[in-house]
Amino acid sequence: MPFITTPDGVEIYYTEQGSGQPIVLSHGWPLSSDAWQVELKRFADAGYRTIAHDRRGHGRSEKTYTGNDMDTYARDLAAVIEALDLHDVILVGHSTGGGEVVRYAAQYGQQQGRVAKVITAGAVPPLMVKTDANPDGLPIDVFDGIRANVLKDRSQFWKDLSESFFGANHGRAVSQGDKDDFWRQGMLVNLAAAYDCVKAFSETDFTEDLKALTVPILIAQGDDDQIVPIDDAALKSIKLVKDGTLKVYEGAPHGIQGDYQDKLDADILEWIKQ
C-alpha cells in the first residue's frame, strides 16, 4: 500500500486514481479515505488525478497517540502534497477535513503556490465551540459528551451517530449498508486519535485562516446538518473569505450520501471548471 512518512516519522496512507490536475480529498471524523470512494472514481473519470489520504490515527495510517491536532493534520497534508510534488491543487475537505484543508491552504499551500482552489462541505470552520467571542457556538458539554461516549463504548456510539450523520432520523433514505460502512470506518480509528480529534475539530478557531485565503473557495453545506450547525459554520465562513461561493443544499444532512452526494459532486466539478 502507498504511504508517505511525515517529518515526525508517522506513516500516512494515501490512495489515488486518474491523471490530470490534482484533486486532494480530506475526510471527516471518524472516517477514512474510504469515505471518498465515489468521488475518487467520479473525479478521476472527469479527468482529474484524485487523491485521498487517511488522517493520522485513522484508517490505514499509523495509529498515533500524539499529534492529533489541527496544526499537525495540516502539516501531514502538506507532507502528502509535497511528497507527491503536487501543484495547482484543488483541495476538498468534509467536516474535520474542511478545517484541515483551510488551515493547510492558509498556512502552507498558498505560500508555496501549490493551491488553486478550496472546497469545503459541512466543514467545521470558523469555530464550533461556544466561547465569549463565539456565543452562538455549541456548549463544551456537547463535546465532552462525545468524548465520554467514544471512551465508554465507541462501537455503539458510531452506530448511534450514523443516524444523525446521514439524516436517517429525519426521514432520509439511508441504507443499512451506508450505516454499517460508517461504523466500519469508525472502528478503524485508534481510541486516542478519535478522542483527541474531538478537541481538534471543535475548539480550533479558523477565523484568521479563512481571512487569509486568497484562492477561491466553494463553501457547501446542507441546511439539515445535525452535526455541524450551518448557522455557525458555512453561513459565518462565507462572510470571512475574500473570494467565496456559498452553496446550500435544502434538506441535506452532514454525511455526503444519496441525492446530496450526486448534487454536490456535480456542483464541485462544475465550479472547478469555472
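Note that the structure is predicted; figures quoted are calculated from it, not measured. Positions are given from 1 along the sequence.
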Legend entry - H94 ring center within less than 6.0 Å of H27 ring center: no

Using distance only, find each side-chain donor-acceptor pair of residues 185-197 under 3.5 Å and give its atom names and separation, not counting sequence neighbours.
{"residue": "Q185", "atom": "OE1", "partner": "S32", "partner atom": "N", "Å": "3.1"}
{"residue": "Q185", "atom": "OE1", "partner": "S32", "partner atom": "OG", "Å": "3.2"}
{"residue": "Q185", "atom": "OE1", "partner": "A35", "partner atom": "N", "Å": "3.3"}
{"residue": "Q185", "atom": "NE2", "partner": "D181", "partner atom": "OD2", "Å": "3.1"}
{"residue": "N190", "atom": "ND2", "partner": "T64", "partner atom": "O", "Å": "3.0"}

Legend entry - Remaining members of hydrophobic cluster (4.5 Å side-chain criterion), I23: L25, W36, L40, F43, Y48, I90, V92, I119, L218, Y249, I256, Y260, L264, I268, L269, W271, I272

Legend entry - Any donor-acceptor N or O pair under 3.5 Å, side chains N169, Q226: yes

Inset, instruction - Calculate, to the nearest 0.5 Å, the distance between atoms NZ and CG belonging to K242 and L210 respectively. - result: 10.0 Å

Inset, instruction - Provide the closest heavy-atom pair for T50 versus E39 in the form atom of the first, atom of the second, distance. - result: CG2-O, 4.0 Å

Inset, instruction - Compare every heavy atom of I51 with every heavy atom of L84, then report the nearest pair and how far apart it is. - result: CD1-CD1, 4.0 Å

Legend entry - NZ or CZ of R56 within 45° of Y73 ring axis and under 6.0 Å: no

Legend entry - Backbone N/O of G9 and side chain of T5: donor-acceptor pair under 3.5 Å: no

Inset, instruction - Please say which of L246, L235, I230, I238 ends up in a side-chain contact (heavy atoms from CB on, under 4.5 Å) with Q221. - result: I230

Legend entry - Any donor-acceptor pair under 3.5 Å from Q257 side chain to V174 backbone: no

Legend entry - Modelled atom types, side-chain donor and acceptor of T72 and D69, under 3.5 Å: yes

Inset, instruction - Please say which of W29, F165, F166 ends up in a ring pair (Phe, Tyr, Trp, His ring centres under 6.0 Å) with H254. - result: F165

Inset, instruction - Tell me, please, which residues at least two apart from T204 pass side-chain hydrogen bond (donor to acceptor under 3.5 Å, both in side chains). - result: none

Legend entry - Shortest non-hydrogen contact between G167 and P253, atoms and distance: N-CB, 3.8 Å

Inset, instruction - Please list all pairs passing the salt bridge (charged side-chain N to carboxylate O under 4.0 Å, His left out) test where one or both residues lie in residues 223-235, with sequence neighbours left out. - result: D232-K236

Legend entry - Partners meeting ring-ring contact (aromatic ring centres under 6.0 Å, His included) with W183 (sequence neighbours left out): none

Legend entry - Trace of the salt bridge (Lys or Arg N to Asp or Glu O under 4.0 Å) decision for R172 with D259: CA-CA 10 Å; R172 282 185 59 84; D259 60 340; 2.9 Å; yes

Inset, instruction - Quick one: closest heavy-atom pair of P216 and A116, and the distance? - result: CD-O, 3.5 Å

Legend entry - Any donor-acceptor N/O pair, E163 side chain to H170 backbone, under 3.5 Å: no

Inset, instruction - Quick one: which residue pairs count as a salt bridge (charged side-chain N to carboxylate O under 4.0 Å, His left out) with a foot in residues 10-36, not counting sequence neighbours? - result: E16-R49, D34-R60, D34-R184

Legend entry - Closest non-hydrogen atom pair between P125 and S237, with its separation: O-OG, 3.0 Å

Legend entry - pair T245-I219: side-chain heavy atoms closer than 4.5 Å: no

Legend entry - 4.5 Å side-chain heavy-atom contact, M70 and E203: no

Legend entry - Residue list, ring-ring contact (aromatic ring centres under 6.0 Å, His included) with H53, at least two apart or on another chain: none

Inset, instruction - For E270, check side chain to side chain contact (heavy atoms under 4.5 Å, CB included) against everything at least two apart and list the hits. - result: D267, Q274

Inset, instruction - Check whether the side chains of S26 and E100 place a donor and an acceptor atom closer than 3.5 Å, and report yes or no. - result: yes

Inset, instruction - Return yes if some donor-acceptor pair links the side-chain N/O of S61 with the main-chain N/O of Y13 below 3.5 Å, else return no. - result: yes

Legend entry - All side chain to side chain contact (heavy atoms under 4.5 Å, CB included) counterparts of A74, not counting sequence neighbours: R103, Y104, Y108

Legend entry - D180 and K159 ion-paired at < 4.0 Å: no

Inset, instruction - Could you pull out all residues at least two apart from D160 that satisfy side chain to side chain contact (heavy atoms under 4.5 Å, CB included)? - result: Q156

Inset, instruction - Return the set of residues passing side chain to side chain contact (heavy atoms under 4.5 Å, CB included) with E208 (not counting sequence neighbours), or none when no residue passes. - result: K211

Inset, instruction - Go through the structure and list residues passing side-chain hydrogen bond (donor to acceptor under 3.5 Å, both in side chains) with D144, not counting sequence neighbours. - result: R147

